[in-house]
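Reckoned from all heavy atoms, side chains included, excluding hydrogens, waters and symmetry mates. To find a chain, count down the sequence lines: A is the first, B the second, and so on, and within it residues start at 1. All figures in this text were calculated on a predicted structure; none of them were measured in a lab.
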2 protein chains.
Amino acid sequence: MTKENQFTEIHQVTYYETDLTGQVTLAMLVDMAVLASYDQAEALGVGTQTMLKQGLGWVITQYEMQIIRLPRDREQLSITTEAVSNDRYFANRQFFVRDIDGNLLVHIKAVYVVMDLMARKMIAIPEAIIAPYQAPNVKRIPRLARPQKITTDETLITNDYHVRYFDLDTNHHVNNARYFDWLLDPLGEDFLTNHRLQHVTIRFENEVRYGHTITSAVTTPQIVDGAIATKHRIMGNDEAKDQTYAEAELTWLVAETVDEPV
Amino acid sequence: MTKENQFTEIHQVTYYETDLTGQVTLAMLVDMAVLASYDQAEALGVGTQTMLKQGLGWVITQYEMQIIRLPRDREQLSITTEAVSNDRYFANRQFFVRDIDGNLLVHIKAVYVVMDLMARKMIAIPEAIIAPYQAPNVKRIPRLARPQKITTDETLITNDYHVRYFDLDTNHHVNNARYFDWLLDPLGEDFLTNHRLQHVTIRFENEVRYGHTITSAVTTPQIVDGAIATKHRIMGNDEAKDQTYAEAELTWLVAETVDEPV
């Protein structure tokens with residue numbers, strides 16, 4: 001099953017990667033997945049330091065996730081990342097998070113682009129940093145599902161969040177994973193402890209910067225095709241409400257029983 | 001060197017446990033230390049689940065930390081926790097965070113108490129849950145250094161923080177470690193990237209609850225005995241400013257060079 005463009009590592013879940021239900025948070029799940037892609041890059045000699053020396057960094061613009069169940073505190077996971085294919089500007093990557101018996105828990109698809117960190121703009125992917133992955137070069141990578149946009153007639157729950165020092169990563173950018181905490185928090189404890197996440201699509205549109213205050217808006221949960229759906233928008237606050245930083249669409253199932261922590 | 005009341009585990013630092021300088025955040029450092037004490041409890045058959053079944057939980061009321069240097073991204077650490085001694089109500093515990101060569105990086109002293117989770121009050125430590133640690137039972141444990149209080153004439157930098165869903169732990173309490181992010185954030189990127197933490201004393205006075213908004217107040221940094229000192233208070237916001245949740249005192253050194261991530 002091992003392919004040249006795949007990389008697998010073991011990760012033991014800690015309590016501080018989980019929420020009050022003892023399940024891994026979406027932000028930490030994404031952090032763990034991205035860690036595997038960093039480690040693959042290191043192993044191939046095209047890690048973060050090599051990229052930084054050229055003033056470059058990978059940025060994730062989109063995710064699509066299928067969640068069978070979220071990993072739990074103390075669980076040992078195998079996390080596989082695979083460089084699927086790439087075109088001139090975009091690289092498709094997927095992740096498989098499995099339990100110790102090899103059962104698939106989460107499948108994530110992602111779109112990566114290369115940023116010129118000084119100019120803060122996207123560039124064509126340099127051959128030298130993509131070739132080591134041995135993924136097929138294609139004319140145009142398949143696009144991921146796009147989240148449905150919130151329409152003007154929908155009722156919204158909103159909350160404001162100030163970007164904090166500890167939200168910043170070594171590129172002085174807000175870590176993408178932090179958006180998931182902002183997305184979910186307005187739904188509140190009652191909803192979040194009584195529902196389990198099933199599917200996520202998210203698109204990152206613009207960069208949130210240090211010192212910004214953002215508004216996280218979410219539609220009141222609605223039944224769509226038998227599933228509970230929420231649509232999300234991370235936007236500027238007050239007079240900057242036209243600015244969209246990210247849009248997402250999540251589907252949920254009622255959590256019939258709260259899982260016992262293992 | 002191994003004592004019966006000691007427990008050591010290895011921890012590999014991940015990028016998402018570090019800040020933009022590539023050093024472990026104070027919140028994550030405390031999370032890692034507490035993980036070692038949880039794992040010691042599990043190994044001794046008095047882990048979280050055993051405690052929960054009796055409606056009990058350990059709560060940390062005070063820390064004192066000496067920081068030689070903070071661990072860095074990808075570094076492999078050995079974390080030793082030791083049950084030092086206990087009296088009727090308080091248990092003294094210490095932690096040694098060492099690098100792969102055995103050099104001490106951080107020394108932490110902590111005071112633990114047992115909470116009745118339903119009544120939300122402190123109780124005498126039950127013999128059955130403390131005996132397995134084989135720490136000496138003393139008349140009165142040594143007290144830790146107390147943070148200096150902020151005086152009314154001092155200039156303060158303040159910021160408000162709303163308690164979020166993901167700040168809660170499995171006891172539905174705010175994870176103690178979250179206080180460190182609130183404490184430090186008002187100091188801002190310029191101060192935080194140009195100073196390195198040397199010493200911390202913190203006392204947790206009252207429990208912050210979900211839905212609360214707190215104010216984190218910090219004195220403008222001052223030179224005290226040759227070190228740069230900041231005094232901190234986490235308090236209620238607006239009309240609840242009399243409420244103190246935690247007080248802390250930190251000392252800093254100027255970071256002469258920014259460390260290269262390893």
Side-chain angles (χ1 to χ4, degrees), chain A residues 9 11-12 14-23 25-28 30-32 34-36 38-39 42 47-49 52 73-74 159-175 177-178 180-182 184-193 210-211 216 260-262, chain B residues 9 11-12 14-23 25-28 30-32 34-36 38-39 42 47-49 52 73-74 159-175 177-178 180-182 184-193 210-211 216 260-262:
Chain A
E9 64 187 20
H11 182 81
Q12 167 101 33
T14 66
Y15 78 92
Y16 54 90
E17 293 167 338
T18 68
D19 65 15
L20 60 83
T21 71
Q23 295 175 94
T25 70
L26 200 51
M28 287 291 188
V30 166
D31 279 333
M32 287 170 202
V34 170
L35 176 61
Y38 282 169
D39 288 342
E42 285 301 326
T48 309
Q49 289 307 310
L52 271 180
D73 187 16
R74 294 182 175 278
N159 236 328
D160 284 0
Y161 300 91
H162 193 70
V163 178
R164 301 176 183 178
Y165 176 72
F166 293 107
D167 296 329
L168 301 177
D169 65 19
T170 48
N171 290 341
H172 290 235
H173 291 177
V174 175
N175 175 352
R178 299 281 73 75
F180 292 103
D181 287 348
W182 299 333
L184 297 176
D185 185 60
L187 287 165
E189 182 178 4
D190 188 51
F191 182 87
L192 292 170
T193 53
Y210 183 51
S216 172
E260 281 287 304
V262 273
Chain B
E9 64 187 20
H11 182 81
Q12 167 103 31
T14 66
Y15 78 91
Y16 55 90
E17 293 166 339
T18 68
D19 65 15
L20 60 81
T21 70
Q23 295 175 95
T25 70
L26 201 51
M28 288 291 189
V30 167
D31 279 333
M32 287 170 199
V34 170
L35 176 61
Y38 282 170
D39 288 342
E42 285 300 327
T48 309
Q49 288 308 308
L52 271 180
D73 187 17
R74 295 183 175 276
N159 237 326
D160 284 0
Y161 300 91
H162 193 69
V163 178
R164 301 176 184 178
Y165 176 73
F166 293 108
D167 296 329
L168 300 178
D169 65 19
T170 49
N171 291 340
H172 290 235
H173 291 177
V174 174
N175 175 352
R178 299 283 73 74
F180 292 104
D181 288 348
W182 298 333
L184 297 176
D185 185 60
L187 286 165
E189 181 178 4
D190 188 50
F191 182 87
L192 292 170
T193 54
Y210 183 52
S216 172
E260 280 288 304
V262 274

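Looking at every heavy atom in both residues, B:Trp182 comes nearest to A:Arg164 through NE1-NH1, 3.7 Å. Closest approach of A:His172 to B:Leu20, counting heavy atoms only: NE2-CD1, 3.7 Å.
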Pair A:His162-B:Tyr161, side chain to side chain contact (heavy atoms under 4.5 Å, CB included): steps then yes or no | CA-CA 9 Å; A:His162 193 70; B:Tyr161 300 91; over 6 Å; no
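Using a distance-only test at 3.5 Å, with no hydrogens or angles considered, no donor-acceptor pair links the side chain of B:Tyr165 to the main chain of A:Leu184.
By number of non-hydrogen pairs under 4.5 angstrom with chain B, the leading residue of A:Asp169, A:Thr14, A:Thr25, A:Leu192 is A:Leu192. Considering only heavy-atom pairs separated by less than 4.5 Å from chain A, the leading option among B:Gln12, B:His11, B:Met32 is B:Met32.
For the atom pair B:Thr48 OG1 and A:Asp73 CG, the distance stands at 8.0 Å (nearest 0.5 Å).
Residues passing the salt bridge (Lys or Arg N to Asp or Glu O under 4.0 Å) test with A:Asp39, sequence neighbours excluded: B:Arg74. Every ring pair (Phe, Tyr, Trp, His ring centres under 6.0 Å) that A:Tyr15 has, sequence neighbours left out, goes to B:Tyr38.
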